[in-house]
2 protein chains.
Amino acid sequence: MISESKYGAVSIALWAKTALISKHLDNSLGAIHGIGLTEYMVLRSLMRAPDHVLRRIDIADALERTASGITRMLMPMEKIGLVQKELNERDARVSLVRITRAGEELFENASATLNAKSETLLKNVDGKKLDVFLDLLGAI
Amino acid sequence: MISESKYGAVSIALWAKTALISKHLDNSLGAIHGIGLTEYMVLRSLMRAPDHVLRRIDIADALERTASGITRMLMPMEKIGLVQKELNERDARVSLVRITRAGEELFENASATLNAKSETLLKNVDGKKLDVFLDLLGAI
DNA sequence: CCTATATACTTGCAAGATCAAGTACAAGAT
DNA sequence: ATCTTGTACTTGATCTTGCAAGTATATAGG
């Protein structure tokens, strides 16, 4: 009987708890704002980017997704006007993604929802230990 | 501009880091043992269950998955002999799942792989802080 | 220049997972 | 006894995502 190492236990706990949390967040964002957690993360990446513009490949890297996944995810987001395509004059291969004003507004509202829901989900974690938590996660 | 609360930041960090970790673990388990992380978790749940038997619905709850997902996931696992179906004489609705000897052996080997890979992925986390990490995750 | 290699996507196909609807059975209320 | 409600699955349609292959463009070397 191979016992589970502490490292393995942490991996598994992360996996299990994150599955729980992301499902709740996804449902809340979907019900209230019509976007999923992944789409929220796209908007977040864009909001944090200089000039609010990113290449598709940058989004893929930031979200640990493939380029094809990003291509397909952006289609409906572009259709409902959260982001818009833009050309790069230096490099004709790249198709830049810019967040629109509507996208910014939705992001702000969705952030409020996400923050509130997160507080509910993490209410059993001592507020003082959040920094420790963030430190540990940052070390990964 | 709504700033991100610390609770929101923790949720997002969990989501991002876990995506990274589970992808690596999934690839390792898949390449070496031919099962994914979710299948590993099924075997783990069974190993921890009294008598090594569970109802499908229990597995679904433990893994934060739907019953239909479990039904479909178990089909190939049963075909390659990792688990086997069993009837419940008390309640004809339930279809019990039992881990086989082959499943137990694969689980032990896969556990070793998972522990080793986890240690690599989490090597930047101070070993002494693993207990703190587990505590924080347990509080969720 | 021109060719070879690398990069940034896009698209077809397959796998995994959910939802909704349906089946079978159980258990409590009338 | 029967009826209603709830539980434990199973199945069909659909969505999301990744991988592999293809296209277009850039960059470096000869």
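Residue numbering restarts at 1 for every chain, and letters A, B, ... go by the order of the sequence lines.
- Atom CD1 of B:I70 and atom P of C:dA17 are 8 Å apart (whole Å).
- At whole-Å resolution of the value, CE in A:M73 and P in C:dT10 are 13 Å apart.
- Taking a cutoff of 4.0 Å between a charged side-chain nitrogen and a carboxylate oxygen, A:E4 and B:R48 qualify as a salt bridge.
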Given A:R98 and A:L46, is the side chain to side chain contact (heavy atoms under 4.5 Å, CB included) satisfied, shown in steps? CA-CA 7 Å; A:R98 178 183 296 281; A:L46 288 169; over 6 Å; no
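- Between A:T71 and the phosphate of C:dT10, there is a side-chain N or O to OP1/OP2 separation shorter than 4.0 Å.
- The heavy-atom pair separating B:D26 from B:L37 by the smallest distance is OD1-N, 2.6 Å.
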All N/O pairs under 3.5 Å across the protein-nucleotides 20-24 of chain C interface:
none

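- For A:I59 and C:dT10, the CD1 to P distance is 11 Å, given to the nearest whole Å.
- Remark: P of C:dG16 and CD1 of B:I35 are 13 Å apart, rounded to the nearest angstrom.
- At a non-hydrogen distance threshold of 4.0 Å, A:R90, A:D91 from residues 76-91 of chain A come into contact with DNA chain D.
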Step by step, would you call B:I99 with B:Q84 a side chain to side chain contact (heavy atoms under 4.5 Å, CB included)? CA-CA 6 Å; B:I99 191 168; B:Q84 61 191 29; over 6 Å; no
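- Protein atom CG of B:L37 is 13 Å distant from nucleotide atom P of C:dG16, rounded to whole Å.
- Taking 4.0 Å as the cut-off between side-chain N and carboxylate O, B:R55 and B:D58 count as a salt-bridged pair.
- Of all heavy-atom pairs between A:N88 and A:R90, the closest is OD1-N, 2.8 Å.
- Side-chain contact annotation: A:Y40 with A:S111, donor-acceptor N/O pair under 3.5 Å present.
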Using the rule given for salt bridge (Lys or Arg N to Asp or Glu O under 4.0 Å), can you reason through B:R93 versus B:D91, listing the C-alpha separation, both sets of side-chain angles and the distance that settles it, and then say yes or no? CA-CA 5 Å; B:R93 289 170 304 180; B:D91 188 338; 2.6 Å; yes
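- A:E119 and B:K6 are not joined by a salt bridge, as no carboxylate oxygen comes within less than 4.0 angstrom of a charged side-chain nitrogen.
- Comparing atom distances between the A:R55 side chain and each of C:dA8, C:dT18, C:dT11 picks out C:dA8 as nearest.
- Taking both residues in full, the closest heavy atoms of B:A139 and A:V125 are given as CB-CG2, 4.0 Å, listed atom of the first, atom of the second, then distance.
- Rounded to an integer number of Å, the gap from B:E64 CD to C:dT18 P is 10 Å.
- Heavy atoms only, all atoms of each residue included: A:A13 and B:L137 are closest at CB-CD1, 3.7 Å.
- Note that the first and last nucleotides of DNA chain D, 5' to 3', having any atom under 4.0 angstrom from a heavy atom of chain B are D:dG6 to D:dG18.
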